Protein chains: 2
Amino acid sequence: MPRKIRLTDVAEAAGVSAITVSRALRKPEIVSPAVRERIQAVVDRLGYVPDPAARALASARTNVVGVLIPSVTNNVFTDVLRGIYATAETTDFRIQVGNTRYSLLEEERLLRIFLSQRPAGLIVSGIDQTETSVTLMRQADCPIVQIMETGDRPIDMMVGFSHRDAGAAAARHMIERGYRRIAFFSARMDPRSQRRLAGFVSVVKAAGLDDETLLVTTPRSSSVTLGCEMTSELLSRTSNVDAVICNNDDIAVGVLFECQRRRIAVPDDLGICGFNDLEMMAVANPPLTSVRTHREEMGRRATRMVLDAIAGAPIAEPIVDLGFEVIGRESTRRGERPA
Amino acid sequence: MPRKIRLTDVAEAAGVSAITVSRALRKPEIVSPAVRERIQAVVDRLGYVPDPAARALASARTNVVGVLIPSVTNNVFTDVLRGIYATAETTDFRIQVGNTRYSLLEEERLLRIFLSQRPAGLIVSGIDQTETSVTLMRQADCPIVQIMETGDRPIDMMVGFSHRDAGAAAARHMIERGYRRIAFFSARMDPRSQRRLAGFVSVVKAAGLDDETLLVTTPRSSSVTLGCEMTSELLSRTSNVDAVICNNDDIAVGVLFECQRRRIAVPDDLGICGFNDLEMMAVANPPLTSVRTHREEMGRRATRMVLDAIAGAPIAEPIVDLGFEVIGRESTRRGERPA
DNA sequence: CTCCTAAATGATAGCGCTGTCATTTGTCAA
DNA sequence: TTGACAAATGACAGCGCTATCATTTAGGAG
């Protein structure tokens with residue numbers, strides 16, 4: 001293995017000082033074009049790659065953008081991650097993912113570790129950090145974007161949407177489509193799920209349609225299986241229900257499968273609405289209504305905001321609301337019959 | 001923001017030299033118990049966290065384990081990732097994921113970047129790296145585990161299973177269950193998909209059941225939608241088919257939805273078999289047969305192998321075959337009728 | 001020409017830690 | 001008590017880069 005090429009090797013070969021090479025690489029515009037090109041040629045010829053550890057030590061700043069998410073398997077976050085990776089991979093910045101497993105304390109622990117490494121930027125999920133976490137982040141001198149939801153009082157920047165509004169919109173959709181006995185299925189009550197539920201509740205209450213027996217929740221994480229089980233549980237409790245809003249698409253698919261098994265007609269006997277609008281919703285049988293969210297775009301946007309802030313660009317919008325759309329499909333297209 | 005606590009701060013407070021603190025943290029056993037405890041107390045009190053950049057620079061070795069995977073959204077890899085994160089998060093090592101997007105050249109590029117950072121270890125997907133990548137990895141002086149599949153000639157270590165055997169086993173299962181006109185649906189023909197197809201082909205050929213018109217492939221990435229479309233395509237081409245083996249579970253679910261729409265009876269008119277045995281397969285209607293693979297365990301195992309090797313432990317088994325199981329469910333449980 | 005200013009380049013000193021070798025301390029046999 | 005050897009600890013240099021300040025060069029104005 002040939003000895004590692006260092007900055008000084010490049011400098012020597014190009015006939016300039018080390019610091020000039022350093023500058024040519026980091027801020028080309030402050031080096032004269034002639035020198036810049038000569039250096040670039042040598043860099044290419046020798047295959048020089050800067051040592052990130054040395055850079056970090058000397059500049060007290062790494063090229064790492066930390067990302068804290070609650071799950072590395074949940075579709076919602078992997079979609080966001082894809083957007084983050086896609087945006088970061090054309091730059092010199094590396095993404096480092098921390099998995100908080102829906103624990104605010106684990107988030108705090110990871111935050112400490114990340115911050116001790118002087119990250120270039122940080123992307124964290126949600127707006128419900130612990131007091132300590134918030135303090136840590138306020139003291140941090142790197143750009144920070146909170147993703148997944150919006151709120152007032154951002155730590156620095158935010159990209160997301162209102163989960164409360166989304167839950168309310170789903171409820172309104174069901175009511176407009178003629179459903180009256182609307183159940184709500186929710187797994188893993190993370191803060192965002194709770195806000196969607198709150199939005200749902202506020203709407204059904206206002207319409208005089210609220211009924212606590214129609215709420216099914218569990219701390220287990222969401223899955224298709226869970227959708228089946230929740231359906232069974234609800235139906236064992238009451239048959240007086242004509243629709244289900246699911247806090248996640250996989251639950252909705254589970255409800256659909258269970259309905260098929262029990263020969264419950266969707267959408268006539270039971271309307272189904274999911275959340276996130278995963279790809280499969282459109283091709284299910286029948287196609288399932290869902291609330292579309294913009295997960296990949298959220299990742300892209302958040303990353304761009306961090307990178308812009310690192311570059312010192314002024315932040316036009318510190319809070320970006322990406323919105324959502326209720327995509328009404330056949331699963332909530334009820335025939336004309338008494339409500 | 002209080003000044004960062006350094007090693008020397010701890011050393012001073014504990015009344016020892018810096019190097020002793022360094023040793024107490026990295027190799028506690030070579031420091032006397034009394035001193036070790038005194039140092040640990042000071043570390044806790046001051047909240048000292050070592051600077052990874054300085055460590056990396058001084059020791060020419062980072063605490064980063066690089067992971068190269070083709071996709072950050074594909075379920076298969078996110079499950080593996082979960083195993084990797086779970087195993088790594090109890091250690092001082094950080095995971096850094098590189099997304100090759102199924103491109104061997106991108107993989108090579110990322111490999112160069114990763115290796116230039118002197119990673120503690122590397123986990124790469126598959127066994128089909130470019131010549132250059134292989135050379136780079138052979139020259140690297142860190143442990144490397146290839147995951148997802150097995151083969152002879154590992155670069156260093158391997159954890160996976162034989163995709164060819166898995167494809168063959170699925171084919172055998174269908175034949176045993178009485179299917180004779182067995183189609184094969186495959187998206188994104190990555191090397192592993194191709195090997196599963198090859199295993200399938202070898203079995204149907206041996207049984208005299210091979211028919212090229214029953215092969216449906218596409219470079220598009222797999223999805224439920226794709227399963228629907230492939231079903232339509234196949235049926236527009238021929239109706240002489242009694243089963244489908246899908247190279248991915250989401251395709252299988254798509255086939256199921258399309259069958260439901262077309263009122264094709266599963267399993268009597270068409271048997272369906274997926275691959276990976278995602279959670280939803282067991283609760284679909286009817287439950288879908290699939291080939292179960294051990295993705296999370298693969299991630300855990302690979303990470304443990306890397307960590308053990310870093311720690312200098314002898315490698316008991318450099319090649320670990322995790323196997324697979326055909327989980328026969330109702331979707332391939334055909335009633336008694338002429339084949 | 002000279003002087004002044006800005007642009008370009010360089011010299012120097014670390015960043016916080018660990019590798020290496022040197023020194024001190026402790027233990028035990030003779 | 002002494003010497004030999006291992007265990008424990010320390011001194012020092014330097015990993016590869018960049019921040020900071022110093023110096024040189026270029027480009028006009030007068």
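Sequence lines set the chain letters: A, B, ... in the order given, protein chains first and strands last, and positions in each chain run from 1. This is a predicted model, so every value here is computed, not measured.
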Original post:
Just by modelled atom types, is the A/Gln129 backbone N or O under 3.5 Å from a matching donor or acceptor in the A/Ser133 side chain?
Top reply: no
Original post:
Can you tell me how far OG1 of B/Thr73 sits from CZ of A/Arg295, rounded to the nearest 0.5 angstrom?
Top reply: 11.0 Å
Original post:
Do NZ/NE/NH1/NH2 and the carboxylate oxygens of A/Asp51 and A/Lys4 come within less than 4.0 Å?
Top reply: yes
Subject >> B/Arg61 side chain near C/dC17 phosphate (N/O to OP1/OP2, under 4.0 Å) >> reply: no
**OP:** Considering only NZ, NE, NH1 and NH2 on the basic side and carboxylate oxygens on the acidic side, decide whether B/Asp141 and B/Arg61 come within less than 4.0 Å.
**Re:** yes
Original post:
Where along residues 28-47 of chain B does a heavy atom come under 4.0 Å from DNA chain D, residue by residue in number order?
Top reply: B/Val31, B/Ser32, B/Val35
Original post:
Is a donor-acceptor pair below 3.5 Å formed from side chain B/Arg23 to base D/dG10, judging by atom type as modelled?
Top reply: yes
**OP:** Quickly work out the A/Leu25 CG to C/dT9 P distance and round it to whole Å.
**Re:** 14 Å
Subject >> Sidechain N-carboxylate O distance under 4.0 Å for A/Glu296, A/Arg301 >> reply: no
Subject >> C/dC17 phosphate, OP1 or OP2, under 4.0 Å from B/Ser22 side-chain N/O >> reply: no
**OP:** Please report the closest heavy-atom contact between A/Ala11 and A/Val21, naming both atoms and the distance.
**Re:** CA-CG2, 3.5 Å
Distances under 3.5 Å between protein N/O atoms and the N/O atoms of nucleotides 13-16 of chain D, please, pair by pair.
{"from": "D/dC15", "atom 1": "O2", "to": "B/Leu57", "atom 2": "O", "distance (Å)": "3.4"}
{"from": "D/dC15", "atom 1": "O2", "to": "B/Ala58", "atom 2": "N", "distance (Å)": "3.3"}
{"from": "D/dG16", "atom 1": "N2", "to": "A/Ala54", "atom 2": "O", "distance (Å)": "3.4"}

**OP:** Mind calculating the distance between CG (B/Asn63) and C1' (C/dC17) to the nearest angstrom?
**Re:** 13 Å
**OP:** Answer yes or no: does a side-chain N or O of A/Ser17 lie under 4.0 Å from OP1 or OP2 of C/dT9?
**Re:** no
Subject >> d(CD1, B/Ile19; P, C/dG19) in whole Å >> reply: 7 Å
**OP:** Taking only Lys NZ, Arg NE, NH1 and NH2, and the carboxylate oxygens of Asp or Glu, determine whether B/Glu29 and B/Arg36 approach each other closer than 4.0 Å.
**Re:** no
Original post:
Pick from B/Val35, B/Ile39, B/Ile30: which one makes a side chain to side chain contact (heavy atoms under 4.5 Å, CB included) with B/Arg23?
Top reply: B/Ile30
